[in-house]
Protein chains: 2
Amino acid sequence: MSTMRFVDRVLRRRRATVNDVALEAGVSRGTVSRVLNGERYVSSEARAAIDAAIAKVGYVPNTAARNLVTQRSGAIGLVVHEPHSLFVEDPNIASILLGANAALSEADYQMACLIADTRRDVDRLARYLSGGLLDGVIIVSARTSDPITSVVEKLQLPAAFIGHPVDISTSAYVAIDNVAGAREITSRLVATGRKKIGMIAAALDRDSGADRLAGFTEALGGDVDPSLVAGVRLYSYSDGQAGMRELLERHPDIDGVFASSDAVAAGALDVLTAAGRSVPGDVGVVGFDDSSWALRCDPPLSTVHQPATELGRAAADAVLRQLQGEPVEPGGIFLDTPIVWRASA
Amino acid sequence: MSTMRFVDRVLRRRRATVNDVALEAGVSRGTVSRVLNGERYVSSEARAAIDAAIAKVGYVPNTAARNLVTQRSGAIGLVVHEPHSLFVEDPNIASILLGANAALSEADYQMACLIADTRRDVDRLARYLSGGLLDGVIIVSARTSDPITSVVEKLQLPAAFIGHPVDISTSAYVAIDNVAGAREITSRLVATGRKKIGMIAAALDRDSGADRLAGFTEALGGDVDPSLVAGVRLYSYSDGQAGMRELLERHPDIDGVFASSDAVAAGALDVLTAAGRSVPGDVGVVGFDDSSWALRCDPPLSTVHQPATELGRAAADAVLRQLQGEPVEPGGIFLDTPIVWRASA
DNA sequence: TTGTATGCGTTATCAC
DNA sequence: GTGATAACGCATACAA
């Protein structure tokens, strides 16, 4: 503390306070505060003197102090609990971020994007969230039994989760129906006459991954040959390659593939063409997300559109509504996932 | 305010304070505070009683209040002043963010990523920055005469800019030498025997864009035919396509192209092959950034490596050093930009 | 219309 | 070791 004071006083000039302004303008702190908050009942002389004084002493309000008394900060956090690198790779996260920022920005809230990966990050972030520096929080990818989730629920911080982690009870969430999306696109693949359809199922440890597998299974009438499902860890290009190699080795005559994300599908596509299979001639491939990967593929991918931007926006709206005192929608908010049919199947 | 109190008291339970803990444990606030901050000189009985009380009343510290007295928040902002969409598209920004977050996370600071686009965003952000909620700030892409820049300089907020906006004087910055990078890669293109070399020069309104053009010009001995330079607005794929079409129309016999970013080069490449030119057979193409675009191209791009992650890390380190009381490095910090020679030239 | 007094939740400086 | 008490910078109910 004394160090900080020293720095404050000597290296930088001390920040002017309301008191300094009041002294300079020859009025009381209360009057200055009223001017600052744009209240009526201030004489024009007082206002003029105060404006001049503010400019002279270079006053700028201290939000931390204001927070303490108003109990609000004007900022809403967007928490991304993912391996750091995913933040760069996953186009969904970026779109969610954009949608949330648009909505918050319109409501004149400052969005602060917070990312956490390691245990230490998570603990620090949980501390930060509990600090009262944020009026609310949007949580992009919570895990089960996540310290972040428990802090949010314990503090009853106005929040909206994206996706539906199993252990939230009181908080709002917005999600897509992964089961339905996967079911529909798989059905369309079946409808094109494919007989031997496999799936590259990534991220089975997440609800999204597990749900997409469930949808695939449903579309195929409930029972699928397990050897037609290649489980991989991440929604990534390279895991898509690995999964496709596995499938191709087990079933050289495979003629349809549902990849649980577009990145996975892109990897599968490249492995297929490298193996001499034509797409969609020999094998039909479909993905999930409708991310930039889908259009970058050759042929462009048929896929399930994930409304990432709208998810962000809806989550932001949900938090804003809670801030207005409205109750949380029980059961969550679900967004549509239309099928986008292109050339890969 | 009264609304907030109401919400606090009724809808949610009131947050327990140090006082509540002190009452519950039968000690004074001072002692509680000492326990909280891990100081010695606390009897083990007191400590035990306090720990129990904390658990019982569900105490969680209020950072806003702590900030007020300690004058620090443990958070550092990362400001991105760009069109929102660029945040998704520009791989450099994401890498910078990752590098910065890694360094800050190691130092146990919470990074808060703040993005601004519109005038209103910028004003709100400037207000936020001046609020004392952040101990320091990394600024990814400042403009000239940017309210954000002026707030930072006025408040003498510990800061590090990435790149070197013209109107910063007291703040630290980390940058790459765009002139040198462009000069070197152009020289290598010349050395491969290309005779008619053009440039697609994006973002000439930024120092980076202008510097890359300057480097190109230097490598060509100072005078270049202006018709061999196609100026475009953004470092984007589509602007790269447009620039290449322009160049090809003016000089059908062009045999070398320096694109001022990899995304631009990717656009150029596709236009060239669509026009029946082989790369690198007929035309050699080089880019700038060494982003994921470079490897995605066919053939893979020869380019200038931009150490984006390291830029973020260096900027974070610069801010952290200032927080330790060290003075700002005059003249900035420059990072190397090695050439990565692949197959496109 | 304005000034005064009090409180927001913490940490820090003292005496004890 | 511990407990008062004074900051921190601001907003606001109330008195004037």
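Proteins come first, then strands; the chains are lettered A, B, ... in the order of their sequence lines, and each starts at number 1.
You'll find that the side chain of B/Val27 is closest to D/dG3, out of D/dG3, C/dG3, D/dC10. Among C/dT1, D/dG9, C/dT10, the nucleotide with an atom closest to any side-chain atom of A/Val69 is D/dG9. For B/Ser28, whose side chain is taken as the heavy atoms from C-beta onward, the closest listed nucleotide among C/dT6, D/dA4, D/dG1 is D/dA4. Taking every side-chain heavy atom of B/Arg34 into account, D/dT2 is the closest of C/dC8, D/dA13, D/dT2. Residue B/Leu36 places its side chain closer to C/dT11 than to any other of C/dG9, C/dT11, D/dC10. Of the listed nucleotides (C/dG9, C/dG3, D/dG9), C/dG9 has the atom at the smallest distance from the side chain of B/Thr17. Of the candidate nucleotides D/dT2, D/dC8, C/dG3, D/dT2 has the atom nearest to the side chain of B/Val42. Between D/dC10, D/dT2, C/dG9, one nucleotide has an atom nearer to the side chain of B/Ala65 than all others, and that is C/dG9. Out of C/dT10, C/dT2, D/dG9, the shortest distance to the side chain of A/Thr31 is found at C/dT2.
Judged purely by atom type and a 3.5 angstrom limit, A/Asp135 uses its side chain to pair as donor or acceptor with the backbone of A/Gly74. Between the B/Arg124 side chain and the A/Ser105 main chain, a donor and an acceptor come within less than 3.5 Å of each other. Checked by atom type and distance alone, the side chain of B/Glu82 never pairs as donor or acceptor with a backbone atom of B/Asp117 at under 3.5 Å.
Using a 4.0 Å heavy-atom criterion, one finds that B/Asn67 contacts no nucleic acid atom at all. As judged by a 4.0 angstrom heavy-atom cut-off over every strand, A/Ala46 is placed among residues touching the sugar-phosphate backbone only.
For B/Ser44 and B/Leu68, each mapped to the nucleotide of DNA chain D holding its nearest heavy atom, the one lying further toward the 5' end belongs to B/Ser44.
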Inset, instruction - Go through the steps to decide whether A/Ser95 and A/Asn92 satisfy the test side-chain hydrogen bond (donor to acceptor under 3.5 Å, both in side chains), and finish with yes or no. - result: CA-CA 5 Å; A/Ser95 297; A/Asn92 280 322; 5.7 Å; no
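Atoms CG (B/Asn37) and P (D/dG1) sit 18 Å apart, rounded to a whole Å. Distance CG (B/Asn19) to P (C/dG9): 9 Å, rounded to an integer number of Å. Residue A/Gln71 contributes atom CD, which lies 9 Å from atom P of C/dC8 at whole-angstrom precision. Rounded to an integer number of Å, the gap from CZ of B/Arg29 to P of D/dA6 is 11 Å. Distance, B/Leu133 CG to D/dG9 C1': 13 Å, rounded to whole Å. Atom CZ of A/Arg72 and atom C1' of D/dA11 are 14 Å apart (whole Å).
In this structure, A/Asp123 does not pair ionically with A/Arg120, as no charged nitrogen and carboxylate oxygen lie closer than 4.0 Å.
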